[in-house]
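Working notes, beginning with the structure itself.
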Amino acid sequence: MNFMHPKRSVLLTILLALTAAPTLAQKYGGTLRFPLRENPSSASLHEESSITAIQPFMAVFNNLVVYDQQQEMARVESIKPDLATEWSWSADNKVLTMKLRTGVKWHDGKPFTSADVQCTWDMITEKRTSNWRKNSHKEWYGNLKEVQVAGPYEVKFVLGRPQPSFLSFLASGWSPVYPCHVDGRVMRQKPIGTGPFKVVDFKPNDSIRLEKNKEYWKPGRPYLDGIVYRIMPSTATRVLSFVAGEFDMTGTSTVTPVTIKDVQSKVPNAVCQTTGTMVTGVVLINHKAPPFDNAKIRRAVNLALDRNGFVAAQHGAARHGGVMMTPPYGVWGLSPAQLESVPGQGKDVERNRAEARKLMEEAGYGPNNKLKLNFIVRNSAPNFVAGATLAADQLRSIYIEGNVEPKDYTVFTGAVIKGAYTIAFETSGSAIDDPDVVLYENFKCESIRNYNKYCNREVEAKIDEQSATVDPAKRKQLVQALDLQLLQDAARVAVYHSTSSACWHPHVKGYLRSKNGIYTHHRMEDVWLDK
């Protein structure tokens with residue numbers, strides 16, 4: 001079967017034009033004010049993986065294709081043209097041909113062409129020097145053999161085998177096209193894109209300021225004159241600033257389903273929503289570092305953690321889950337009955353911990369010989385430190401004493417990427433609800449985001465198998481079998497799946513949050529201010 005009908009993009013554009021008539025006349029002008037909980041490591045989206053990078057900088061770029069920013073669910077069916085005007089698959093589903101938009105300019109005035117597309121993916125696959133510090137999404141493209149240029153406005157992505165997820169990769173917010181003429185080092189501080197907004201300045205630990213791209217290729221967009229993102233680590237200060245009208249939106253990790261009521265009591269007209277995130281709370285254990293190179297100790301940790309306790313501690317902002325996001329937000333995740341069968345996921349916590357203590361004793365630990373560890377965690381949000389503290393408290397029941405050490409985001413990220421840690425707590429996000437993204441990023445042996453340093457070549461072969469499976473029902477069976485195996489292996493110790501809540505003042509119009517992830521809907525070109 002062909003992944004996408006050649007004329008699909010054209011039909012979708014016509015349908016959207018007929019059905020997307022606005023109920024209000026949009027207004028031009030104004031600056032949107034938005035808080036960020038922490039400082040982004042850089043502005044280079046191909047190097048980053050945090051919400052604090054994609055939130056401000058997705059608006060600077062364009063993709064070849066993108067998830068419709070006015071549809072609530074980021075699905076294959078919602079993918080629409082961006083810098084590509086149309087696309088088609090070869091009969092064997094191994095060559096994706098894309099026609100490109102003409103007349104598009106980079107923010108520095110240079111023309112966009114197929115050479116930029118080829119250059120971007122050659123840098124991602126490391127066929128070309130990028131001057132990037134890290135390459136966060138290389139693992140998505142292990143099946144990409146080459147990008148061919150057919151004139152200035154046509155490209156072909158040549159795959160080694162069929163891969164149903166490939167178009168979804170290109171639609172993710174983490175897949176912008178980069179300018180071939182701009183060095184990767186420049187992209188970290190003042191990136192050049194083709195998107196609706198330009199970077200005016202990026203002041204670390206202070207603010208990010210964007211201005212309208214007056215030569216944006218999409219007629220009538222954007223509506224805003226600019227966006228100012230202020231970096232504000234204190235959750236309480238972000239809430240108070242929103243209530244006082246100093247911000248138009250609350251940003252991420254500011255309100256919860258519980259605190260929304262308090263916000264709305266002070267701002268009665270505030271629009272508030274809770275959605276799925278594709279973010280998982282995880283206890284990271286370094287499989288290559290003693291004592292977690294011992295499978296018994298890894299299993300003991302997996303058994304000892306009380307997932308119900310973690311869910312309760314999030315005050316309505318978390319749900320049970322395994323590797324993939326569970327329904328109703330996700331389409332690939334395990335059911336409650338399937339999760340119940342996994343060690344540590346069941347409700348009989350005391351029985352699990354009794355088994356865990358036996359494993360620890362077999363490994364040489366006990367009441368008189370406790371395992372002492374430093375438990376590192378990001379210091380950028382209270383729920384991170386609270387999660388680490390709860391994990392450390394629970395593990396005391398199996399002779400593990402963890403000293404919680406909060407770290408700056410950049411320091412923490414560097415440590416887990418390098419494997420320079422023993423145990424940690426992290427909320428690990430995935431770009432989209434897609435098995436290839438989650439599995440290749442987190443469980444491929446050489447992946448930069450395989451923070452647990454888990455490596456199982458048989459599992460890698462199974463990941464490849466599901467990736468090449470065209471039949472959706474069969475693929476889901478393979479994915480769920482992998483989910484169960486990875487949980488049982490303690491490949492990544494998931495303790496909850498988070499939800500995300502946010503509020504904005506009623507004068508913010510045209511903004512839509514995705515219900516199945518927090519990394520897709522930040523283009524901001526449709527947002528306008530009714531004031």
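For clarity, every value in this text was computed on a predicted model and none was experimentally measured.
- For Glu446, the CD atom counts as densely surrounded, since its 6.0 Å shell holds more than 12 non-hydrogen atoms of other residues, nucleotides or ligands.
- Ring geometry, Trp132 versus His46: the interplanar angle falls under 30°, so the pair is classed parallel (tilted spans 30 to 60°).
- Pro290 approaches Thr422 most closely through the heavy-atom pair O-CG2, 4.0 Å.
- No side-chain donor from either of Asn63 and Asp82 sits under 3.5 Å from a side-chain acceptor of the other.
- Of the residues listed (Phe169, Tyr440, Trp174), the one engaging His137 in a ring pair (Phe, Tyr, Trp, His ring centres under 6.0 Å) is Trp174, and it is the only one.
- Here the CG atom belonging to Asn62 is positioned 8.0 Å from the CH2 atom belonging to Trp106, to the nearest 0.5 angstrom.
- For the atom pair OG1 of Thr413 and NZ of Lys418, the computed distance is 11.0 Å after rounding to the nearest 0.5 Å.
- Thr410 is not listed as a side-chain neighbour of Asn39, based on a closest heavy-atom distance of 4.5 Å or more.
- Remark: Ile297 CD1 to Arg299 CZ distance equals 14.0 Å, nearest 0.5 Å.
- In plain terms, the two heavy atoms of Val495 and Val282 that are nearest each other are CG2-N, 4.2 Å.
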Query raised in the report: Could you go step by step and tell me if Arg378 and Glu38 meet the side-chain contact (heavy atoms from CB on, under 4.5 Å) rule?
Result: CA-CA 10 Å; Arg378 289 160 62 183; Glu38 62 191 349; 2.4 Å; yes
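- A donor-acceptor pair shorter than 3.5 Å can be found between the side chains of Lys462 and Gln485.
- In summary, the side chains of Ser514 and Asn516 do present a donor paired with an acceptor at a separation below 3.5 Å, with no hydrogens or angles considered.
- Atom-to-atom distance recorded for Arg298:CZ and Asn286:CG is 10.0 Å, nearest 0.5 angstrom.
- Side chain of Gln148 to backbone of Val158: no donor-acceptor contact under 3.5 angstrom is found.
- Counting only N and O atoms by type, the side chains of Ser165 and Arg475 include a donor and acceptor under 3.5 Å apart.
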Report task. With side-chain contact (heavy atoms from CB on, under 4.5 Å) as the test, would you mind laying out the steps for Thr389 and Val377 before giving the verdict? Result -> CA-CA 9 Å; Thr389 302; Val377 63; over 6 Å; no
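- A side-chain donor-acceptor contact under 3.5 Å links Thr120 to the backbone of Asp116.
- The closest side-chain heavy-atom distance from Trp89 to Leu159 is below 4.5 Å.
- Counting heavy atoms from C-beta outward, Val177 and Leu64 have side chains that approach closer than 4.5 Å.
- A donor-acceptor distance shorter than 3.5 angstrom exists from the side chain of Arg307 to the backbone of Ala494, with no hydrogens or angles considered.
- Inter-residue side-chain proximity for Asn352 and Asn302 is flagged as unmet; no heavy-atom pair is nearer than 4.5 Å.
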Query raised in the report: Should Trp121 and Val155 be marked as a side-chain contact (heavy atoms from CB on, under 4.5 Å) after you check the CA-CA gap, both sets of side-chain angles, and the distance that decides it?
Result: CA-CA 11 Å; Trp121 272 268; Val155 294; over 6 Å; no
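- Of all heavy-atom pairs spanning Pro176 and Phe61, the tightest one is CB-CB, 3.4 Å.
- At a threshold of 4.0 Å, the pair Lys134-Glu48 counts as salt-bridged, since one of the basic side-chain nitrogens sits closer than that to a carboxylate oxygen.
- In this model, a donor atom of one side chain and an acceptor atom of the other lie less than 3.5 Å apart for Arg161 and Ser467.
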Query raised in the report: Do Ser498 and Thr277 pass the side chain to side chain donor-acceptor pair (under 3.5 Å) test, and can you show the C-alpha distance, the side-chain angles, and the key distance before you say yes or no?
Result: CA-CA 6 Å; Ser498 68; Thr277 62; 3.0 Å; yes
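- Of the possible donor and acceptor atoms, none in the side chain of Ser175 sits under 3.5 Å from a partner among the backbone N and O of Gly173.
- Put simply, the side chain of Lys453 never gets that close to the backbone of Ala289: no donor and acceptor are under 3.5 Å apart.
- Val279 is not listed as a side-chain neighbour of Ser500, based on a closest heavy-atom distance of 4.5 Å or more.
- Minimum heavy-atom separation, Val199 to Gln189: CG1-O, 4.4 Å.
- Residues in residues 409-432 take part in no ring pair (Phe, Tyr, Trp, His ring centres under 6.0 Å) pair, two or more places apart or across chains.
- Asp483 places a side-chain N or O within 3.5 Å of a backbone atom of Met324 that can act as its donor or acceptor partner.
- Of the residues listed (Ile400, Leu373, Leu390), the one engaging Leu395 in a side-chain contact (heavy atoms from CB on, under 4.5 Å) is Ile400, and it is the only one.
- A donor atom on one side chain and an acceptor atom on the other are found under 3.5 Å apart for Ser44 and Tyr178.
- Looking only at atom types and distance, the side chain of Asp436 has a donor-acceptor partner in the side chain of Gln466 under 3.5 Å away.
- The minimum heavy-atom distance linking Phe375 with Val283 is given by the pair CZ-CG1, 4.0 Å.
- In terms of modelled atom types and a separation under 3.5 Å, the side chain of Gln480 and the main chain of Gly333 share a donor-acceptor contact.
- Smallest separation of non-hydrogen atoms from Ser114 and Val149: OG-CG1, 3.1 Å.
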Requested in this report: Walk me through it: do Thr113 and Cys180 pass the test side-chain contact (heavy atoms from CB on, under 4.5 Å)?
Outcome: CA-CA 10 Å; Thr113 70; Cys180 200; over 6 Å; no
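- Proximity of Leu482 to Trp332: side-chain heavy atoms (C-beta onward) are nowhere separated by under 4.5 Å.
- Residues Arg133 and Ser42 have side chains that never bring a donor and an acceptor to within less than 3.5 angstrom of each other.
- Taking NZ from Lys444 and CZ from Arg457, the interatomic distance works out to 7.0 Å, rounded to the nearest 0.5 Å.
- Within a 6.0 Å radius of NZ in Lys218, other residues, nucleotides and ligands contribute more than 12 heavy atoms.
- Panel note: side chain Ser172, backbone Ser168; no donor-acceptor pair is recorded below 3.5 Å.
- Looking only at side-chain heavy atoms (C-beta outward), Phe112 and Leu100 come within less than 4.5 Å of each other.
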Report task. I would like to know whether Gln69 and Asp526 meet side chain to side chain donor-acceptor pair (under 3.5 Å); could you show each step before the answer? Result -> CA-CA 8 Å; Gln69 304 289 286; Asp526 298 316; over 6 Å; no
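- Atom CD1 in Ile432 sits 9.0 Å away from atom OG1 in Thr520 (nearest 0.5 Å).
- For Arg188 (side chain) and Glu47 (main-chain N/O), no donor-acceptor pair under 3.5 Å exists by modelled atom type.
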Requested in this report: Report the C-alpha distance between Lys515 and Thr275 in whole Å, list the side-chain angles of each, state the deciding distance to 0.1 Å, and finish with yes or no for side chain to side chain donor-acceptor pair (under 3.5 Å).
Outcome: CA-CA 5 Å; Lys515 287 188 174 180; Thr275 62; over 6 Å; no
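- With contacts defined as side-chain heavy-atom distances shorter than 4.5 Å, the pair Thr280/Ser430 does not qualify.
- Side chain of His497 to backbone of Gly322: a donor-acceptor contact under 3.5 angstrom is found.
- More than 12 heavy atoms of other residues, nucleotides or ligands sit less than 6.0 Å from atom NZ of Lys127.
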